[in-house]
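Numbers here simply count residues along the sequence, with the first being 1.
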Amino acid sequence: MMPFVTPPFGMTTWTPQTRQNKISGVSYKYEDTKITGFIGTHQPAIWMGDYGYITLIPQTGDLKITPDARAVTYIHNDEETHPDFYSVWTTDATGERVRTEITATERCALMRFTFPAGNASRVLVEASRPGIEGHAEVNAANHEITGYNPDRMDKHLGNIPLPNFKGYFVVQFRKPFDHAETYGLSGKAERGAYAEFRTTQGEAVEVRIGTSFISIDQARANLAAEIPDWNFEAVRQKLHTAWNEKLARVNIEGATDDQRHIVYTALYHALLYPKIFSEQGRYYSAFDDTIHNGHSYTAYSIWDTFRAENSLLTLLAPERIPGMITALLQNYKEGGWMPKWPNPSYTNIMIATHADSLVAEAMIKGFKGFDYATAWDAVYKDAMTPPDGDTTRLWSDREEHTPYEARPGLTYYKKLGYIPVDKTAEAASSTLEDAYDDWCVAQVAKILGKTTDYNYFLKRSQNYRNLFNKETGLMQGKNLDGSWAKPDDGFTEGSPWVYTWAVMQDVPGLVDLMGGPDKYNAMLDQHFAGGHNVHSNEPSHHYGYLYDYSGQAFKTQSKVREIANKEYANAPAGLDGDDDCGQMSAWFLFTAFGFYPVNPASGDYMIGSPMFEAMSIRLANDKTFTVRAPHNSATNVYIQSATLNGKPLNIPVIHYDDIMNGATLELTMGSNPSKWASNFK
């Protein structure tokens with residue numbers, strides 16, 4: 001994570017830059033001691049690249065262009081970080097100190113640079129970094145620097161040329177500059193520009209920045225709409241209010257200060273993605289390289305976020321769900337498929353087509369405002385149409401310059417009921433995750449009254465059974481001829497121990513496949529005891545809740561509390577792993593509440609062990625869902641009994657409708673395991 005200043009779901013996020021970001025590297029690392037600029041970035045996660053970014057740098061003295069030359073030192077005691085505001089004092093090689101302050105709107109930022117006295121106080125605007133050709137111009141009459149950055153770090157991963165792609169910017173200065181000009185390196189085009197001022201000691205130079213993916217004029221229009229006045233505090237207050245409106249929807253009682261920090265930081269993380277990708281009723285599509293009317297989003301890390309993050313948004317930001325689904329359907333119409341990890345176009349990162357899960361979840365939960373017929377067309381194509389060259393490509397992760405992979409190996413999957421490891425990369429994992437998506441497609445068919453399709457895909461969702469090795473009790477990949485592959489072959493970001501439990505759509509079926517609850521529980525015990533549950537990666541996220549299905553809910557209660565306490569802390573490195581666009585944070589928030597969406601599209605939530613005496617969420621319909629757990633403590637983690645709206649609850653499940661109706665779940669806690677919910681199957 002980086003210390004982003006941006007509204008919920010903001011298009012452009014602003015952060016100090018301590019290093020050059022890239023695929024697998026972010027702009028800001030807490031342990032760095034130098035800052036090279038302040039970047040308006042669109043990079044959503046460490047494993048993804050940036051695109052169309054812009055960097056500003058305050059300077060004094062001689063002009064310094066390259067990142068190494070312009071780097072200035074800072075210490076964290078001089079740094080202040082909030083969702084609505086960032087501030088830091090930096091010191092250059094001569095000892096001169098400059099203060100930078102940042103606040104922002106959805107597509108724009110307002111910065112304030114406090115300089116020492118001097119004739120060469122300067123703001124550098126970097127359109128693109130060394131090695132990348134950008135463009136900048138100076139408009140002295142309007143006190144502006146404008147330009148664009150065509151860089152897309154992930155362009156080698158997709159198969160769609162985007163000659164029109166650019167990240168445009170308009171930088172306006174409140175104080176007229178004394179001198180301004182463009183600059184380049186090694187005779188290349190204007191990579192940036194700078195403006196110089198005479199400043200008195202402690203004088204603040206204010207700068208506002210508009211960004212766009214449509215045009216420079218649109219960037220200027222975004223700026224006029226979002227920051228019409230030079231009023232830093234007013235912009236900050238508006239952003240402060242936007243965050244508090246969301247953060248204040250969750251209330252907790254009985255939490256320590258550290259726990260409160262973790263909860264609200266998790267909320268902040270979870271409300272950053274997907275990112276807005278439209279501007280005043282129009283958007284640039286990175287799927288057909290043209291401008292459209294409408295609204296759009298990008299930065300869906302769907303392989304991660306379909307598990308819990310999206311489910312959290314249906315509770316915390318339901319007003320966004322129709323637009324987010326519509327954006328995926330627009331991508332389908334413009335590029336031919338719903339994406340699995342748009343950044344901002346196809347990237348072919350990770351497996352399966354879990355946009356099917358997002359569509360099914362929205363429909364099962366009753367969301368309207370998107371076209372159901374188009375949704376069916378999109379999920380049906382995912383499930384039935386193999387990608388181009390399906391049987392002639394390996395489809396390795398991040399394989400460059402390939403068509404959109406959709407469900408790689410689907411040709412084999414439709415014929416054999418599994419994807420062969422000796423023909424397609426990551427085949428075992430894909431078989432299991434495709435079976436889950438088949439269940440989701442079946443639910444869409446059911447809602448639309450397509451009974452034949454419903455029965456077909458529901459049956460196909462049982463394909464997970466084809467990989468179960470009864471001798472080992474684990475999932476295992478198969479070769480084209482039906483023989484077992486090597487035990488560890490064909491899995492992505494996991495192992496047989498990890499992917500054996502990936503059957504989110506039919507846990508009771510997995511229990512039976514393993515030979516009943518006793519054998520299932522023994523294997524699950526072995527999974528945890530053997531260190532196979534790697535919480536820093538998403539496939540393991542629901543596994544702590546799996547004892548709920550086999551008569552040992554008390555083990556779920558202790559296990560999820562153990563994971564929450566071990567994996568999350570109120571510290572700069574407080575997550576054991578990348579946040580992955582809110583998924584890590586969403587897991588903690590659900591677990592803190594005491595329930596989790598094991599099958600996220602179903603609308604069911606499995607009960608764990610709430611972390612606080614009370615936790616509530618004020619819903620968009622003005623109703624409140626509350627979990628009360630009297631006598632909850634670090635030792636009283638076990639549920640002794642439960643009621644929902646005063647009526648006994650004897651199963652470890654609540655439903656989406658229960659939450660939306662404003663129910664109260666009351667759990668009596670104790671220090672010893674109980675038989676509560678032991679009869680649930």
Side-chain angles (χ1 to χ4, degrees), residues 157-159 302-304 306 332 335-341 346-357 378-442 453 456-469 474-496 498-500 502-506 538-539:
L157 296 179
N159 202 40
I302 300 180
W303 184 80
D304 304 296
F306 87 94
Y332 158 72
W337 305 84
M338 289 190 293
K340 57 181 70 183
W341 219 136
Y346 296 121
T347 61
N348 283 349
I349 290 178
M350 300 313 299
I351 60 173
T353 54
H354 294 316
D356 304 335
S357 178
V379 301
Y380 186 84
K381 183 176 182 180
D382 281 346
M384 294 301 290
T385 303
D388 293 343
D390 189 30
T391 60
T392 61
R393 299 179 186 274
L394 185 60
W395 301 110
S396 299
D397 184 39
R398 296 179 183 265
E399 188 173 324
E400 297 186 7
H401 308 299
T402 58
Y404 181 62
E405 70 177 31
R407 297 195 193 182
L410 181 60
T411 304
Y412 303 111
Y413 181 85
K414 291 168 68 175
K415 181 179 180 181
L416 304 172
Y418 66 90
I419 303 170
V421 168
D422 53 347
K423 292 294 182 180
T424 305
E426 306 171 309
S429 294
S430 290
T431 297
L432 296 167
E433 296 201 19
D434 285 356
Y436 166 77
D437 287 331
D438 283 342
W439 184 90
C440 294
V441 176
D453 291 313
Y456 172 78
F457 288 112
L458 191 65
K459 180 180 179 180
R460 216 173 74 171
S461 74
Q462 295 289 302
N463 277 348
Y464 73 88
R465 294 174 175 269
N466 296 330
L467 295 193
F468 186 73
N469 187 332
L474 297 171
M475 297 294 176
Q476 188 169 342
K478 284 184 175 179
N479 295 312
L480 181 65
D481 63 5
S483 62
W484 292 114
K486 294 179 181 179
D488 288 332
D489 285 356
F491 294 98
T492 182
E493 301 198 16
S495 67
V498 170
Y499 268 92
T500 292
V503 189
M504 295 174 284
Q505 74 276 18
D506 186 23
E538 278 68 21

Has the side chain of [X] got a donor or acceptor atom that lies under 3.5 Å from a matching backbone atom of [Y]?
X	Y	value
N479	P420	no
K414	M384	yes
N348	E405	yes
D390	L410	yes
T347	L157	no
Q476	W484	no
S461	L458	yes
K381	G336	yes
K340	A406	yes
D356	C440	no

Heavy atoms only: give me the nearest [X]-[Y] pair and the separation to one decimal.
X	Y	result
D481	Y418	C-OH, 4.4 Å
P496	T500	O-OG1, 2.6 Å
P408	P387	CA-CG, 4.2 Å
A355	P339	CB-O, 4.0 Å
S430	I419	CB-CD1, 3.7 Å

Q: Apply side-chain contact (heavy atoms from CB on, under 4.5 Å) to D397 and T492, showing your working.
A: CA-CA 9 Å; D397 184 39; T492 182; 5.6 Å; no
Rounded distance [0.5 Å steps], [atom1] in [X] versus [atom2] in [Y]:
X	Y	atom1	atom2	result
T431	L467	OG1	CG	5.0 Å
F491	I351	CZ	CD1	10.0 Å
I302	M338	CD1	CE	7.5 Å
N466	L416	CG	CG	9.0 Å
R398	W341	CZ	CH2	9.0 Å
T402	W395	OG1	CH2	5.5 Å

Side-chain touch [X]/[Y], heavy atoms, less than 4.5 angstrom:
X	Y	result
M350	E493	yes
V503	Q505	yes
Y499	Y464	no
P539	W303	yes
L474	N469	no
W439	M504	no
R393	P403	yes

**Q.** Parallel, tilted or perpendicular, as decided by the 30° and 60° cut-offs, for the rings of Y404 and W337
**A.**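 Judged by the thresholds at 30° and 60°, the geometry between W337 and Y404 is tilted.
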Q | Exercise: do N463 and Y413 side chains pair donor with acceptor under 3.5 Å | A |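 A pair is found: one side chain offers a donor N or O, the other an acceptor, under 3.5 Å apart.
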(Q) Taking atom OH as the centre, does Y456 end up with more than 12 heavy-atom neighbours from other residues, nucleotides or ligands that are less than 6.0 angstrom away? (A)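 Atom OH in Y456 is crowded, with more than 12 foreign heavy atoms closer than 6.0 Å.
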Q) Can D438 and R407 be counted as an ion pair, charged N to O under 4.0 angstrom? A)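 The answer is yes: the pair qualifies as a salt bridge.
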